[in-house]
Amino acid sequence: MVHDSSDNPDDRARKSPPAAASDAPPERLATPDVDPAAAGGDDEDDALLPDILEESGAVGEGPLATGHEAIERAVRLAPTSPGVYRMLNANADVLYVGKAKNVKKRLASYARQSAPLPARILRMIAATVTVEIVSTTTETEALLLEANLIKQLRPRFNVQLRDDKSFPYILITGDHWAPQILKHRGAQTRPGRYFGPFASAGAVNRTITALQRAFLIRSCTDSFFESRTRPCLLHQIRRCAGPCTREIDFGGYSTLVREASDFLSGKSHAVKQELAREMEKASSELEFERAALYRDRLAALSAIQSQQGINPRTVEEADVFAIHQEGGFSCVEVFFFRTGQNWGNRAYFPRAEKTFTPEEVLGSFLAQFYDDKPPPKNILVSHDIEECELLANALSIKAGHKVEVTAPKRGEKKELVTHALTNAREALGRKLADTATQSRLLEAMAATLSLPHMPKRIEVYDNSHIQGTNAVGAMIVAGPDGFVKNQYRKFNIKSEGITPGDDFAMMREVLERRFKRLINPPEDAGSKAKDDDFPQWPDLVIIDGGRGQLNAVRETFANLGLTQVSLMSVAKGPDRDAGRETLFMPEREAIKLEPRDPVLYFIQRLRDEAHRFVIGSHRKLRRKDIREAGLQEIPGIGPSRKRALLHHFGTLKEIERASIADLGKVPGVSAESARRIFEYFHPQPG
C-alpha cells in the first residue's frame, strides 16, 4: 500500500466465541525514521509458542451455580441493543470479552443451566462473579471495541494475538530537494511517499539496498548530506548518484526518484522497459560505460523480484492469511502483496485453548491484527470464518475504502492461500521442534544442577563499564521457547556512592532494583505481568562471575528475603577459553562440565547473549555521551583540531567511523593523535 503524507452461546456449543477487530488503537510512542545504513541489523524474531491452555481448571473456579447467579443478575440490567460484555472473576481479572447484537439475549443464553455448553465455557461461567456491559450504537462498533479490549486486557478465555510488532515501511522523503530513501516505523508524519507494509526489517533493508543500486538514491541523513564537500563511499561503489556534491543535477536526480516511486507503485515493467531502451541507446552510441550502468540497474531490479519469490499476476493488493493447527498450537502465516509484488511474510502463534477451531482462531486473529494497521482492499483467508461480512464492513469503515474478506476456492488467489498454508504448516513444525529441543536442554540442566524442577524462566545478569564510566547492567531472559527478548531489561547504574569499577556494588544495585520491583510491583503492572502467562519470577538466576560474585548476590538475596530462587555463577576458564568454564552454586563444590556437554554449551549461549546485550547497551550509552560531549574530552584535541576534523569528515558520526589511517590524513592530526581519537571512539569494554 502506498501512502502520501501531506452470537449466541447455544450456537457455540458447536463453535467457540470468535473475537474481532477495533478501530481504536492503543497509544504508541512514535518511532523515529530509521536509516537502513545505520540499522541494518534489526532482527525480526518469530513469536514464541504460548503455553497450551488445558481444559482442566487453570482458573480458580467456584461452583457453577455461583457463576449462573452472577450472569442472571447481569441479564436483568442488560440492554437489548448491541454492546460488549466483560466477565470478571473474584480478583476483578477479565476472563472473557464478547460482543453481541442483543446483549440481554446473549447473556441469558449463558445463564441457562440446561444449555449444552462446551467445558471451556462452563469453566468460564464457574469463575465469573460479575459482568460489565458497554452499549454501542451498532454491532460493527461492538466488534471493533471487542477486539480493542481483547488486545488491551488479554482475557484468559479469548484468542490472543501475542506478537504485535509494528511493520516497517519504505519512505521516500518529500521535504528536501534531493529525496532520501529509508526504512520507517511508527506514525507517518514526515512528508513523503510511504510504501508498505513489509513483513520484516530484513525485507525492507534488502529492498532498499537493491533500489540504491538500481536508482542511485541517497540514504544519508539531511545533516550528513549538507556537510559533504566530496562524494562519499556509496557514490564510489555506484549506490548513490552523489547529489550532495552536484555529481548529478536536479532534473536528473528527480528522474531517478520518479523511477523508484514508479517501481514501488507497481509500474516495474514500464520502468524496466525504459532502462532497457536507454541501455540499447547508449550501446548503439558506443557509450559502453553508460550502457553498463543501465545494465547493472536492470540487474538490481531483477534481483528484487527474484527475492520476492511470488509475484502474482492478478492480485494487485492483498493480505493472505492461512492457519494450521497441530499439537494444540495454532500458526497463522501472513503474506503481504502490494502493487503486484510480494513484500514478505511472517508467522504468528496466537494464544488459544486447543478446543478452538481454525475458523474461530482465524476470525479472532484477523479482528485484532487490523486494530492498529490499515487493511488492504482484499483479505484472503484459508478458512470460511464466522461473521465474515460483519468483519469486512468494520474494516471498510476503519480503512475508508471497501475491504473484501474471502476464502477463495479456485484460481490464482486459491494458489496464494495454498502456498501460505504450506508455510504455516512448516513454520509450526519448526517451532514445535525447536521448543522440544529447548525443553530437553532445560530438563538436562535441571538434572545436572540438581534444581528442584525444570526452570521455566532463567534470568542472566551482566555489567559493562569502562573504568567505571557509563556503567550499565543488563538482564536477559530465557524459557522453554528460547530467548524472550521482550522481557530483556537494562539498568543504568545510578548510585553515586559506588566506587568506579566496583562490579559487586553494581550487581547489587541491579538485583535490588529488579527484585524490589517484583516484591512490591507498581499498581499498573498487574495486567502486564499476566501477558502470555510467562512467569515473572525466575526459577534460576545466572551471574557472570566467580565465587566472590556469587557470594555478593547471595548476600543481596538474603537482605531481600529471597530463598526460593536458585543461583549460579559462571566463571570463565583459563585464558577465557570457552568450554573450560567453572560453575558455582551455593553450598556446593565447583562444577566442571565436559567441554562438549550440551548443558555447558547452553549455559555458554545464555552467558554470551547477556554479554552481547549489555555491551550493546553500554555502547549506546557511551555513544550518546560522546555525542553530547563532542570532542572536548579527548586529550590533546583542542578547538583547532576539532574544527579540522569536522571540516574534513563533516559530522561527528563520520569521525567515529573513520579508521586510524583516515584520521591521520586530517591536517594537524599526528599519528599519535589519530590513535587517541580512534581509541576514544572504539574502547575495549571491561
Participant: Would you call the rings of Tyr85 and Tyr96 parallel, tilted or perpendicular if under 30° counts as parallel and over 60° as perpendicular?
Facilitator: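 Tilted.
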Participant: With rounding to the nearest 0.5 angstrom, report the CG to NZ distance, Leu390 to Lys101.
Facilitator: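 If we round to the nearest 0.5 Å, Leu390:CG and Lys101:NZ are 9.5 Å apart.
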Participant: I'd like to check the salt bridge (Lys or Arg N to Asp or Glu O under 4.0 Å) partners of Arg457; sequence neighbours left out, ordered by chain and number.
Facilitator: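 Salt bridge (Lys or Arg N to Asp or Glu O under 4.0 Å) check on Arg457 returns Glu459.
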Participant: Please determine whether a side-chain nitrogen of the Lys or Arg among Glu353 and Arg123 lies less than 4.0 Å from a carboxylate oxygen of the Asp or Glu.
Facilitator: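 A salt bridge links Glu353 with Arg123.
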Participant: Less than 6.0 Å separating the ring centroids of Phe198 and Phe167?
Facilitator: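 When the ring centroids of Phe198 and Phe167 are compared, they turn out to be at least 6.0 Å apart.
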Participant: Less than 4.0 angstrom from a charged side-chain N to a carboxylate O is my criterion; do Glu387 and Lys99 meet it?
Facilitator: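 Counted as a salt bridge, because a side-chain N and a carboxylate O are separated by less than 4.0 Å.
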Participant: Distance from Ile379 atom CD1 to Phe321 atom CZ, nearest 0.5 Å?
Facilitator: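 Interatomic distance, Ile379 CD1 to Phe321 CZ, rounded to 0.5 Å: 6.0 Å.
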Participant: Can you tell me if Gln212 and Ser219 form a side-chain donor-acceptor pair at under 3.5 Å?
Facilitator: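 Judged by distance alone, the side chains do pair up.
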Participant: Ignoring hydrogens and angles, state whether a donor on the side chain of Glu609 or Tyr488 is under 3.5 Å from an acceptor on the partner side chain.
Facilitator: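 Yes, Tyr488 and Glu609 have a side-chain donor paired with an acceptor closer than 3.5 Å.
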Participant: Can you name the residues that form a side-chain contact (heavy atoms from CB on, under 4.5 Å) with Ala399, not counting sequence neighbours?
Facilitator: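 Scan of Ala399 (side-chain contact (heavy atoms from CB on, under 4.5 Å), adjacent residues dropped) gives Pro375, His401, Val403.
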Participant: Using the test salt bridge (Lys or Arg N to Asp or Glu O under 4.0 Å), find all partners of Arg605 that sit at least two apart in sequence or belong to another chain.
Facilitator: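 Applying salt bridge (Lys or Arg N to Asp or Glu O under 4.0 Å) to Arg605 gives none.
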Participant: So, using salt bridge (Lys or Arg N to Asp or Glu O under 4.0 Å) as the criterion, who are the partners of Arg440 when residues are at least two apart?
Facilitator: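 Scan of Arg440 (salt bridge (Lys or Arg N to Asp or Glu O under 4.0 Å), adjacent residues dropped) gives none.
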Participant: Restricting to side-chain contact (heavy atoms from CB on, under 4.5 Å), what partner residues turn up for Asn345, sequence neighbours left out?
Facilitator: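 Applying side-chain contact (heavy atoms from CB on, under 4.5 Å) to Asn345 gives Glu333, Phe335, Asn423.
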Participant: Please name all residues satisfying salt bridge (Lys or Arg N to Asp or Glu O under 4.0 Å) with Arg86, sequence neighbours left out, ordered by chain then number.
Facilitator: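 By the salt bridge (Lys or Arg N to Asp or Glu O under 4.0 Å) rule, Arg86 matches Glu132.
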Participant: Tell me whether Arg154 is salt-bridged to Asp93, with the criterion being a basic N under 4.0 Å from an acidic carboxylate O.
Facilitator: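 No.
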